[in-house]
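Structure first, then comments.
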There are 2 protein chains.
Amino acid sequence: MATGDDRTTRARVRTITDLARIAGVSPGTVSRALAGKSLVNAKTREKIVGLAREHGFRPNQMASGLRRQKTGVIGVVIPLGHDARQQISDSFFMTLLGYLADELTQEGYDLMLRRVVPGEDADWLDRFIGSGMIDGVIVIGQSDQFALIEDVADGYLPMVVWGNHKEGQRHCVVGTDNRLGGRLAAERLIAAGARRLAFLGDTGPIEFAARFAGAEDAASRMGVSLVALPTLLSPDRASEEIAAHLAAHEGEIDGIFAATDTLAALCLAALREGGIAVPETVRLVGFDDLPIARQTAPPLTTIRQDIAAGAHGLVQLLLRRLAGEETESLVLPPQLVIRQSA
Amino acid sequence: MATGDDRTTRARVRTITDLARIAGVSPGTVSRALAGKSLVNAKTREKIVGLAREHGFRPNQMASGLRRQKTGVIGVVIPLGHDARQQISDSFFMTLLGYLADELTQEGYDLMLRRVVPGEDADWLDRFIGSGMIDGVIVIGQSDQFALIEDVADGYLPMVVWGNHKEGQRHCVVGTDNRLGGRLAAERLIAAGARRLAFLGDTGPIEFAARFAGAEDAASRMGVSLVALPTLLSPDRASEEIAAHLAAHEGEIDGIFAATDTLAALCLAALREGGIAVPETVRLVGFDDLPIARQTAPPLTTIRQDIAAGAHGLVQLLLRRLAGEETESLVLPPQLVIRQSA
DNA sequence: ATGAAAGCGCTAACAG
DNA sequence: CTGTTAGCGCTTTCAT
């Protein structure tokens with residue numbers, strides 16, 4: 001007796017108005033019911049919600065966003081400043097991104113991701129903010145864009161940045177105390193017996209510069225030498241450069257502080273190829289404590305950044321800024337993790 | 001004499017109408033000029049574009065999207081089916097995500113990222129598609145959601161999935177030929193002298209099941225044994241499980257095919273701890289050819305997936321589907337990369 | 001508790 | 001070539 005087709009008379013329900021018609025109420029009521037507002041008769045609400053589910057109806061977020069002047073989307077942008085292609089630090093940023101996705105989801109926000117090359121698009125941050133698609137923005141890494149970020153921060157509250165904290169800066173940043181981390185790394189190398197230290201990595205990015213500065217603090221205080229071995233961050237080139245550095249300084253270095261674990265792993269491979277014993281001849285300390293740090297041979301001694309705490313902090317601070325509050329920066333303590341490379 | 005404040009009389013220019021007023025034209029003209037449409041006087045356009053730049057004005061994408069019925073955003077969703085937390089395969093997916101971001105940007109699309117736990121939200125895919133925020137969707141990994149994806153594919157064209165291809169499936173997929181990859185891996189192990197093989201990894205996810213099946217093909221054809229060593233994918237547990245497996249099968253296994261490089265690296269560490277020589281006593285082959293594969297000791301022999309090509313394929317196919325075309329799946333060839341572990 | 005109506009900011013006919 | 005107008009789908013007063 002049943003037709004077997006409940007849908008005979010129905011066109012697809014796409015809009016709140018469609019749903020209102022089949023529910024026999026006005027669009028306004030449907031909107032209120034679906035939004036769970038207080039002033040709707042319980043039965044009416046039930047009926048509307050049921051109908052919505054039955055038809056797989058979901059209100060259009062763009063229309064809703066336009067009307068309410070908010071999008072429910074947070075922008076996450078990764079500026080690729082020093083090296084347009086894959087940064088070697090990608091694995092760190094990508095891990096952070098994963099945590100951010102989880103944290104934002106939990107707070108009911110969607111995540112819009114952009115990778116930008118500031119050199120090609122000087123306007124990257126304003127463009128993102130001005131797009132009207134996002135309620136706030138998280139910048140992953142200051143790269144070489146510190147000044148630009150400072151400028152934007154003056155006129156735009158809902159922005160939080162992952163990176164290094166500098167005395168008196170105006171933008172809200174979350175990040176590890178890189179200088180302290182650098183100090184810990186150098187101290188460990190020295191405690192392990194090293195007297196002629198090297199810093200492996202580009203000192204251009206401000207985070208890395210701070211790590212180097214921290215290592216310098218320790219080195220000069222303890223009266224040991226420290227040279228910088230600048231290294232581009234692209235993975236293919238890095239290996240060669242590292243090998244060249246090692247060759248150039250053969251026998252002159254007995255302790256290496258690598259700016260990231262990824263670099264440290266590469267360095268370890270180069271040392272192995274050169275037949276240099278770690279940690280006996282050269283001690284090595286990394287930074288980040290990525291999963292790879294446990295898997296090298298020998299496992300890496302490194303400076304741990306608490307990525308989960310970082311992501312949590314970024315999102316919580318952003319939420320407060322979205323609510324209009326001016327928040328302070330959050331500096332997280334690094335932690336020395338001793339394994340076997342130093 | 002200048003006031004030093006050009007902005008005296010100006011309110012902030014937020015809308016196309018604001019800009020139209022100060023340009024002395026109508027909103028329609030501004031819209032056309034900014035969109036670079038043909039039918040606008042060159043001078044008028046110049047003036048409008050100049051004014052827009054000067055005031056840092058950018059049209060609101062949500063409003064534009066609403067009106068044009070397209071958003072300029074592609075959704076990228078990672079279903080976390082088998083393991084709600086960080087999958088060990090994260091590093092692979094994250095790398096793919098990086099490439100996707102670049103490809104989509106290049107095509108003028110923004111990327112909206114979601115990680116979902118299908119177990120907690122059976123409606124994850126419909127919800128994303130129905131949000132009205134995205135023009136199309138890329139699903140990274142079929143996880144255990146094959147059936148659901150098939151269902152959705154019947155009624156929604158602009159979707160492409162990264163994963164395994166199965167004869168006669170209805171959704172458009174891009175991925176490596178996992179079965180062939182598995183075959184190559186097992187053949188390599190055998191060529192390197194192994195006769196008692198093991199597959200290390202969970203065979204639940206369809207990609208991994210195919211890799212295992214491929215290994216079985218080779219093993220049975222060559223008359224060697226193959227056992228499955230199921231391993232959960234969460235990083236903390238994996239290490240212990242692998243060690244337990246190795247202990248349980250001590251001396252019975254002389255060739256291991258790990259489902260991913262990450263697993264292989266973990267396995268290598270466990271073998272080292274157990275004092276088992278690689279590749280002399282046990283040969284080891286991984287899958288993916290992630291950066292880590294070069295950095296282990298010994299470097300991993302592995303099956304390479306061309307991630308860049310995969311990302312490119314995903315985006316190009318999606319673009320064609322957005323244009324209304326029904327596209328075929330794209331199966332990429334895996335490639336054996338011989339290093340030193342087998 | 002519900003309906004009617006007015007827009008959010010933009011674009012695309014349709015006129016001129 | 002440009003202005004005018006009518007919405008895109010939704011939320012929110014303001015009435016009732």
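The sequence lines fix the lettering, A, B, ..., with proteins before strands; numbering per chain opens at 1.
- The nearest whole Å value for the distance from the CD1 atom in I16(A) to the P atom in dA4(C) is 15 Å.
- Considering only side-chain N and O atoms, S31(B) lies nowhere under 4.0 angstrom from the phosphate OP1 or OP2 of dA12(C).
- Put simply, the side chain of R115(A) never gets that close to the backbone of D102(B): no donor and acceptor are under 3.5 Å apart.
- Residues A33(B) and V49(B) share a closest heavy-atom pair of O-CG2, 4.5 Å.
- What you find for Y99(A) and A308(A) is that their closest heavy atoms are CE2-CB, 3.6 Å.
- Considering only side-chain atoms of L66(B), the nucleotide from dC10(C), dT12(D), dG9(D) that sits closest is dG9(D).
- For dC10(D), the OP1/OP2 oxygens have no side-chain nitrogen or oxygen of S64(A) closer than 4.0 Å.
- Both T29(B) and A63(B) lie close to DNA chain C; mapped to their nearest nucleotides by heavy-atom distance, the more 5′-ward contact belongs to A63(B).
- Comparing S26(B) and A35(A) against DNA chain D, the residue whose closest nucleotide sits nearer the 5' end is S26(B).
- Residues L96(A) and I307(A) approach most closely at CA-CG2, 3.6 Å, considering heavy atoms.
- Relative to the side chain of N60(A), the nucleotides dG3(D), dG9(D), dT11(D) differ in distance, and dG9(D) lies closest.
- For the pair M62(B) CE and dG9(C) C1', the interatomic distance rounds to 12 Å; values are reported in whole Å.
- Summarising the geometry, the separation between CG on N41(B) and C1' on dG3(D) is reported as 15 Å, rounded to the nearest angstrom.
- In this structure, K70(B) does not reach the dC8(D) phosphate: none of its side-chain N or O atoms is under 4.0 Å from OP1 or OP2.
- Checking dT12(D), dT11(C), dC10(D) against every side-chain atom of T15(A), the shortest atom distance belongs to dC10(D).
- Atom pair M133(A):CE and dG9(C):P shows a separation of 16 Å (rounding to whole Å applied).
- In this structure, of dC8(C), dG3(C), dC10(C), it is dG3(C) that holds the atom nearest to the side chain of R32(A).
- The side chain of T17(B) places no N or O atom within less than 4.0 Å of a non-bridging phosphate oxygen (OP1 or OP2) of dC10(C).
- Put simply, CZ on R67(A) is 15 Å from C1' on dG7(D), counting in whole angstrom units.
- For Q61(B) and dC8(C), the CD to P distance is 20 Å, given to the nearest whole Å.
- Atom CG of L19(A) and atom P of dG9(D) are 14 Å apart (whole Å).
- The side chain of Q69(A) lies closest to dG9(C) when the candidates are dT2(C), dT11(D), dG9(C).
- Each of E150(A), E326(A), E328(A) was scored for a salt bridge (charged side-chain N to carboxylate O under 4.0 Å, His left out) with R170(A), with one residue passing: E150(A).
- Between the NZ atom of K47(B) and the C1' atom of dT2(D) there is a distance of 13 Å, given to the nearest Å.
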